[in-house]
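Counting starts at 1 for both ligands and their atoms, following the listed order.
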Amino acid sequence: MSLPKNWPPETKYISAPFLSPTLSKEARTSLLTRSKESREIPASTPRGPSHTVHIKPINLPSHPANGQRGLFANKALKPGEFIIQYLGVYHCSTADPSTDPHAHSDYDLSLDRELKMGIDADKTGNEARFVNDYRGVAERPNAEFMEIWDPRRKERGIGVWVLGTGKSGNNGFKGIKKGEEILISYGKGFWGARSGGDS
Ligand SMILES: C[S@@+](CC[C@H](N)C(=O)[O-])C[C@H]1O[C@@H](n2cnc3c(N)ncnc32)[C@H](O)[C@@H]1O
């Protein structure tokens, strides 16, 4: 399969979720059951490298992720539009974090807290793993993670969506411009866990 431009050679690129043997029976069953809050992604969404976004190295000293990569829009994107599915290893966390390979990942998103099920794109994923947090880059995020329903696989997942109008003080938000960086809010929990505090 072809790889997206600027994809890091040490990371495995996938075009469909990878289901880990650590998924419990309950988690596997739950994956096949659409949740009420989910948004369905278009069945025509192409598999493989995205036409909507591209990965770009960040060479900007003022950017807090300078020297890393980020995700940028290939075209203007409307408020509420689907951008890309977040692919990675679908896994369940183990009770003991010292034996959990996903416990310290910076690319692990929670899919179901009750079932301790997450999607970790640390070593295996797609372009969505390069979405940076808005803090220190812009005044507010322009995108968000939302649960998705994939009608082709009949499976739950997480997608990156353009923020809707009027969300998070984004009144008058007109969407993401071509070339603009896709930025979400990782949440206070992400940064709190990394600073040793809770903010
Ligand atoms: C999911 S990755 C995002 C992609 C990452 N920039 C890369 O090239 O692999 C999360 C990591 O990106 C960096 N990062 C993202 N947004 C940031 C921000 N606003 N300020 C500082 N670091 C950020 C942090 O190192 C964080 O642990």
With a 4.5 Å limit on heavy-atom distance, are the side chains of Ile83 and Ile176 in contact?
yes
For atom 10 (C) of ligand 1, what is the closest protein heavy atom, and at what distance to 0.1 Å?
Tyr186 OH, 3.3 Å
Does any N or O atom in Arg135 lie less than 3.5 angstrom from one in ligand 1, N or O only?
yes
Within ligand 1, which atoms have a heavy atom of Val131 less than 4.0 Å away?
3 (C)
Among protein heavy atoms, which lies nearest atom 24 (C) of ligand 1, and at what distance?
Gln68 OE1, 4.1 Å
Can you tell me which residue and heavy atom of the protein come closest to atom 14 (N) of ligand 1, and the distance to 0.1 Å?
Asn132 OD1, 3.8 Å
Considering the options Ser30, Ser110, Ser93, which one meets the side chain to side chain contact (heavy atoms under 4.5 Å, CB included) requirement together with Met117?
Ser30
Interfacing atoms of ligand 1 (cut-off 4.0 Å, heavy-atom, Arg129)
1 (C), 2 (S), 3 (C), 4 (C)
Are Thr45 and Gln85 linked by a side-chain donor-acceptor pair shorter than 3.5 Å?
no
What I want to check is whether the side chains of His91 and Asp108 have a donor and an acceptor closer together than 3.5 Å.
yes
Do Tyr13 and Glu127 meet the criterion of a side-chain donor-acceptor pair at a distance under 3.5 Å?
yes
Taking all non-hydrogen atoms of both residues, which atom of Phe72 and which atom of Gly179 are closest, and how far apart?
CD2-O, 3.4 Å
protein heavy-atom neighbour closest to atom 17 (C) of ligand 1 works out as Trp191 CH2, 3.7 Å
Identity and distance of the protein heavy atom lying nearest atom 20 (N) of ligand 1:
Pro64 CB, 3.2 Å
For Phe130 against Trp7, the heavy-atom pair lying closest together:
CE1-CZ3, 3.6 Å
Going by distance only, is there an N or O of Asp106 that falls short of 3.5 Å from an N or O of ligand 1?
yes
Looking at Thr165 and Phe173, would you say the former's side chain and the latter's main chain have a donor-acceptor pair under 3.5 Å?
no
Within the 4.0 Å heavy-atom shell around Tyr107, which atoms of ligand 1 are there?
1 (C), 2 (S), 5 (C), 7 (C), 9 (O)
Protein contact to atom 26 (C) of ligand 1 [nearest heavy atom, distance to 0.1 Å]
Phe190 CZ, 4.0 Å
